[in-house]
Amino acid sequence: MQTVLPVLLAALLAGVVVVYFYQEHLREKRLQLRVQKLYASQLFEDMIPLLQFARRHAIEQLAVDKTGVVLRYLHSEGAETAFLMRPNGYAYLTVDQQEAMRSVLEECLPKLRETDKYHVTRKRIVLLNGSVEYTYQYTIDHGYKAQLNRAPYYDGTLQPRSW
């Protein structure tokens, strides 16, 4: 009996690990299908101008929530662009669609994936009625932000002035 119990516990633990990894595989597969569906949608076509503009400018913060995508830019004070779902004729994003949107944005704006430049946080917001909403935020790293702000001084585009 003493030799059977550890073997059963090890087998049970192995079964739990296999089920966990299988669930993760299924979740990744579903995410991949949602991303493909998003790429093929009219929503992505409507977002292309926003993404092209974001590629050319340094992003200070990017937020994805059920209402859409909001981008704040670094060098243009107070400048932000947004793609909001309802004003553009789309329904609010579900939690799964938000995850797919986040993946698409990471693919279209590859700097967001670089952990030394941006960090991502997932916020869980409990509303007064008890329902839960999620939001993803990409925020620029302080070192990378300082590097971008110093760039004109070091690349020679800023010319010295005589007093």
Side-chain angles (χ1 to χ4, degrees), residues 16-152 154-155 157:
V16 168
V17 169
V18 166
V19 167
Y20 172 77
F21 282 117
Y22 181 69
Q23 290 293 331
E24 279 297 308
H25 172 72
L26 289 178
R27 190 183 74 76
E28 286 294 321
K29 191 73 169 169
R30 286 190 300 264
L31 176 62
Q32 198 174 36
L33 291 173
R34 283 192 302 271
V35 166
Q36 289 174 352
K37 186 177 180 181
L38 183 58
Y39 273 124
S41 71
Q42 184 62 41
L43 172 62
F44 182 73
E45 292 293 322
D46 292 342
M47 287 185 65
I48 286 177
L50 174 86
L51 297 173
Q52 290 173 340
F53 185 80
R55 275 190 180 168
R56 293 189 304 266
H57 296 84
I59 299 169
E60 184 170 9
Q61 189 176 44
L62 181 142
V64 178
D65 62 5
K66 74 175 190 175
T67 61
V69 178
V70 178
L71 292 139
R72 290 180 188 89
Y73 298 102
L74 180 63
H75 295 295
S76 306
E77 297 212 10
E80 69 179 32
T81 56
F83 186 87
L84 301 175
M85 304 308 285
R86 288 278 166 97
N88 286 300
Y90 297 101
Y92 282 150
L93 296 172
T94 65
V95 175
D96 294 334
Q97 290 170 334
Q98 289 175 32
E99 181 81 19
M101 179 68 74
R102 184 192 61 79
S103 281
V104 166
L105 290 171
E106 281 184 356
E107 289 176 15
C108 293
L109 305 170
K111 285 188 283 189
L112 295 177
R113 277 186 267 162
E114 298 179 27
T115 57
D116 60 330
K117 294 181 180 179
Y118 291 91
H119 61 274
V120 62
T121 56
R122 181 181 183 201
K123 294 184 181 179
R124 182 177 185 261
I125 303 164
V126 179
L127 302 176
L128 292 175
N129 63 3
S131 62
V132 177
E133 292 182 356
Y134 293 94
T135 181
Y136 294 94
Q137 282 189 333
Y138 291 86
T139 307
I140 194 167
D141 185 69
H142 294 296
Y144 181 58
K145 182 177 180 178
Q147 178 186 0
L148 290 175
N149 285 333
R150 285 194 307 258
Y154 295 110
D155 69 0
T157 58

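Everything numeric in this text was worked out from a predicted model, so none of it was measured.
For the residue pair Tyr118 and Glu60, the shortest heavy atom distance occurs at CE2-O, 4.5 Å. In this structure, Leu51 and Cys108 approach most closely via the heavy-atom pair CD1-SG, 4.0 Å. Scanning both residues, Tyr134 and Gln98, for their nearest heavy atoms gives O-OE1, 2.9 Å. Taking all atoms of both residues into account, the shortest heavy-atom contact from Val104 to Leu38 is CG2-CD2, 3.4 Å. Here the closest heavy-atom approach between residue Val64 and residue Leu105 is recorded as CG2-CD1, 3.5 Å. Contact record, Ser103 with Leu31: OG-CD2, 3.8 Å, taken as the closest heavy-atom pair.
Screening Glu106, Arg113, His119 for a side-chain hydrogen bond (donor to acceptor under 3.5 Å, both in side chains) involving Tyr138 leaves a single residue, Glu106.
Remark: Glu99 does not engage Arg34 in a salt bridge, criterion side-chain N to carboxylate O under 4.0 Å.
The structure places CD of Glu80 at 11.0 Å from CG of Leu62, a figure rounded to the nearest 0.5 Å. Going from atom CG of Leu84 over to atom OG1 of Thr67 covers 5.5 Å, rounded to the nearest 0.5 Å. With rounding to the nearest 0.5 Å, the separation of CG in Leu148 from NZ in Lys117 is 8.0 Å.
For the residue pair Glu107 and Tyr39, a side-chain donor N or O sits within less than 3.5 Å of a side-chain acceptor on the partner. The closest side-chain donor-acceptor pair between Asp96 and Thr94, if any, does not fall under 3.5 angstrom.
The side-chain heavy atoms of Val70 and Gln61, taken from C-beta on, include no pair separated by under 4.5 Å.
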